[in-house]
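To start, the structure under review is shown below, and the notes come after it.
One-based numbering, in listed order, for ligands and for the atoms of each. Since the model is a prediction, treat every value here as computed from it, not as a measurement.
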Amino acid sequence: MASATATPDTLPAWQTLTQHAQALKHVHLKNLFGDDPGRWQQFTRQVAGLTLDLSKQRWDDDTLEHLLALAEEAGVPGAIQALLSGKRVNVSENRPALHTALRLPADAHLEVEGEDIVGAVHDSLAQMEQLVQRLHAGQWRGATGKPIRHVVNLGVGGSDLGPLMVTHALADYRPSDIHPVEVHFASTMDGSQLADYLSRFNPENTLFVLSSKSFTTIDTLSNANTARDWLIGRLTQHADLPEASPHAKPISAELIVRQHFIGVSASPEKMSEWGITPDHQLMFWEWVGGRYSLWGTIGLPIALVIGMENFRELLAGAHAMDSHFRDAPLDDNLPVLLGLAGIWNVNFLDIRAHSILPYDGRLEYFAAYLEQLEMESNGKSVTRQGQAVNYSTCPVLWGQLGPNAQHAFYQLLHQGTQPVVCDFIAPLKRYDEVENPDTRRHLKAQHRLALANCFAQSRVLMLGDDALDEDGPRPEHKRYRGNQPSSTVLLDKLTPATLGSLIALYEHKVFVQAVIWDINPFDQWGVELGKQIATDTQAIIDGEGDLNRMDASSRGLIEAFWAAEQE
Ligand SMILES: O=P(O)(O)OC[C@H]1O[C@H](O)[C@H](O)[C@@H](O)[C@@H]1O
């Protein structure tokens with residue numbers, strides 16, 4: 001990593017890249033292709049069920065060579081080893097970031113500060129497996145004796161987005177021979193998602209998973225308190241329930257909390273304080289960052305949907321990417337190459353918007369997941385040594401299912417004034433398992449349609465008007481300038497293993513960029529002040545603070561709320 005004196009922009013390769021970019025800025029992407037028929041082979045790599053095509057980046061051989069030199073000068077190889085071996089890479093919190101340890105195979109060894117942690121990781125997976133098996137066998141019963149049918153994950157940020165994304169992506173992998181357990185997610189502090197479930201579900205067969213690394217997050221705890229009151233209110237008056245016998249015994253609040261809540265956290269004390277019984281507590285460690293936590297017990301909703309066997313496949317896929325990241329030379333290393341493409345765009349081509357566009361409906365929440373992974377990790381402006389940076393870091397990253405975004409914001413991608421880099425993501429194979437031949441034929445045709453659109457869009461973004469073999473001038477409003485770079489990631493097939501590799505690819509890409517930008521991707525101090533000020537603001541809204549301390553806008557908003565409450 002760059003030392004306190006050598007910020008990345010002072011490294012020789014950075015200087016070279018700055019000059020190189022001046023020359024390349026005027027070269028259209030279509031000309032890079034025109035001059036080089038071997039571009040696909042040269043800029044495409046395949047690893048762990050993924051094909052990464054970087055040929056549509058606005059770069060050439062020399063660019064890549066300079067970027068690889070930058071990676072060396074910034075200390076990327078050493079940083080990869082430090083990450084994977086459990087060094088304290090999270091400098092502001094003085095701890096390792098060991099999400100990769102959560103996917104090590106059982107026979108691996110990783111000693112961190114004198115302790116082999118692999119055994120503990122696998123013990124926690126085994127404990128999770130036991131809970132999953134009880135629920136899948138219909139043996140977990142609510143306080144009135146009914147088997148659990150609905151599991152609602154109450155969590156936010158890293159305790160929500162990863163499990164939500166993966167359960168949606170892999171819903172096809174649900175085992176067929178289990179007691180049907182449906183998994184749901186409620187994250188928002190305003191309670192609207194939870195209120196919907198409470199209006200529809202039967203408390204007798206509903207279980208809540210309180211997922212919170214810190215177990216202090218107000219969003220999750222406020223949902224948890226509402227859920228607890230709902231359960232206690234409805235179940236202690238068991239006789240009011242439609243199916244209850246008139247002789248039903250009263251049920252204690254303690255039994256209800258015991259049978260209807262599982263806690264997942266790095267703080268067993270706080271789980272116990274809240275009332276989660278120790279048998280129903282799943283643990284993880286401070287050295288797992290929230291947005292990197294889906295691989296362990298925070299992944300309980302995933303295991304409930306896809307079963308433990310598939311969950312272990314997800315881990316194996318991620319581990320395959322970890323091994324590649326550790327062992328592959330930089331110029332063949334997928335996360336390094338993807339990270340360098342990002343550095344090139346942000347720091348040398350001044351492209352600071354990045355769109356994530358999956359062409360598979362199952363990846364609906366992938367962009368939302370990456371928004372946290374990338375922007376909470378690398379949305380920083382201070383180096384690891386605490387100096388303000390004078391170069392750009394994480395771009396604004398957003399996304400949507402590609403086919404739907406075509407009918408929404410692609411207009412801006414093709415004809416707007418902002419340069420945007422896009423990541424297209426699609427599976428090569430789809431629908432082979434559909435039994436009915438007619439339906440399979442139709443769905444396979446739809447898959448081809450989606451791929452055709454995916455490939456067409458990156459081509460048009462690259463070539464602009466030249467994608468059409470059409471002579472003669474076009475009116476200005478119909479012109480496409482092209483020259484917008486993109487990457488394409490193809491999955492052989494969307495499976496637990498390839499999804500694991502895909503997520504790990506992005507996790508490590510984020511790390512590579514953080515190393516080059518000399519920032520800490522594993523903390524998130526930028527979310528703290530808002531929480532603190534929200535507490536003050538709530539006191540004022542509740543009439544317990546001094547409104548006159550506030551600025552005119554905040555005063556006006558609070559007064560508007562008070563007026564609405566009086567109506
Ligand atoms: O899991 P928890 O401790 O409840 O945290 C949930 C989320 O909230 C925090 O404010 C952070 O911004 C996220 O990184 C974190 O994932």
(message) I want to know if ligand 1 touches Ser212 in the polar sense, i.e. an N/O pair below 3.5 angstrom.
(response) yes
(request) For the pair Lys509 and Glu374, find out whether any cationic side-chain nitrogen is under 4.0 Å from an anionic carboxylate oxygen. (result) yes
(request) Around atom 14 (O) of ligand 1, find the nearest protein heavy atom and jot down its residue, atom name and distance. (result) Glu376 OE1, 2.6 Å
(request) Run the salt-bridge test on Asp350 and Arg352 with the 4.0 Å N-O cut-off and return the result as yes or no. (result) yes
(request) Could I get the full list of ring pair (Phe, Tyr, Trp, His ring centres under 6.0 Å) partners for Tyr173, not counting sequence neighbours? (result) none
(message) Please list the nearest protein heavy atom to atom 5 (O) of ligand 1 with its residue and the distance rounded to 0.1 Å.
(response) Thr217 OG1, 3.5 Å
(request) Tell me which protein heavy atom sits closest to atom 9 (C) of ligand 1, plus the residue, atom name and distance to 0.1 Å. (result) Lys531 NZ, 3.6 Å
(request) Please say whether Ser159 places an N or O atom under 3.5 Å from an N or O atom belonging to ligand 1. (result) yes
(message) Which residue and atom name correspond to the protein heavy atom nearest atom 3 (O) of ligand 1, and how close is it?
(response) Ser214 OG, 2.6 Å
(request) Identify, for atom 16 (O) of ligand 1, the protein heavy atom at the shortest distance, and state residue, atom and that distance. (result) Gly158 N, 2.8 Å
(message) Under 4.0 Å between a side-chain nitrogen and a carboxylate oxygen: does that hold for Glu204 and Arg141?
(response) no
(request) Can you sort out which atoms of ligand 1 are near Gln372, meaning under 4.0 Å from one of its heavy atoms? (result) 13 (C), 14 (O), 16 (O)
(message) Give me the nearest non-hydrogen protein atom to atom 6 (C) of ligand 1 as residue plus atom name, then the distance to 0.1 Å.
(response) Val156 O, 3.2 Å
(request) Flag the pair Glu507 and Arg291 as a salt bridge only when some basic side-chain nitrogen lies within less than 4.0 angstrom of an acidic carboxylate oxygen. (result) no
(request) Heavy-atom contacts with Gly157 under 4.0 Å: which atoms of ligand 1 show up? List them by number with element. (result) 16 (O)
(message) Quick check with a 6.0 Å cut-off and a 45 degree axis cone: is Arg103 positioned over the face of Trp295's six-membered ring?
(response) yes
(message) Under 6.0 Å from the ring centre and within 45 degrees of the ring axis: does the NZ or CZ of Arg228 meet both conditions for the six-membered ring of Trp274?
(response) yes
